[in-house]
Amino acid sequence: MTDTSESTKERNREIAHNEEAKQVTGSVRVSTWAIAVAVMVGGILFTLGWLSLR
């Protein structure tokens, strides 16, 4: 019974580790997209402001 319990605990630890890696990857991906969108919006607003002052 102890072997099964230890095996289950080890399996659960590995699953948790894999899920954590997936979550970190997803967070980085979302952050990258958010930064890219913010830069594009900022560029558009800067260009519109610059053109309106010309």
Side-chain angles (χ1 to χ4, degrees):
M1 186 84 176
T2 305
D3 286 339
T4 304
S5 178
E6 288 298 319
S7 176
T8 302
K9 286 181 182 179
E10 183 60 34
R11 181 174 177 270
N12 287 342
R13 283 188 202 108
E14 188 170 335
I15 290 170
H17 178 71
N18 291 341
E19 288 296 320
E20 181 183 0
K22 285 181 186 179
Q23 188 172 4
V24 168
T25 302
S27 295
V28 168
R29 188 176 298 133
V30 169
S31 297
T32 302
W33 275 106
I35 291 169
V37 168
V39 167
M40 289 190 321
V41 168
I44 290 169
L45 292 175
F46 175 79
T47 302
L48 290 174
W50 182 72
L51 288 175
S52 70
L53 291 176
R54 279 187 77 197

Point to revise | K22: salt bridge (charged side-chain N to carboxylate O under 4.0 Å, His left out) partners, not counting sequence neighbours | key: E19
Practice item. With sequence neighbours excluded, tell me which residues meet salt bridge (charged side-chain N to carboxylate O under 4.0 Å, His left out) with E10. Key: R13
Check your understanding: Is there a chain of hydrophobic side chains (I, L, V, M, F, W, Y, each step under 4.5 Å between heavy atoms) that links L45 to V37?
Key -> yes
Revision key, fill the gap. In this structure, NZ of K9 is separated from CD of E6 (nearest 0.5 Å) by 5.0 Å
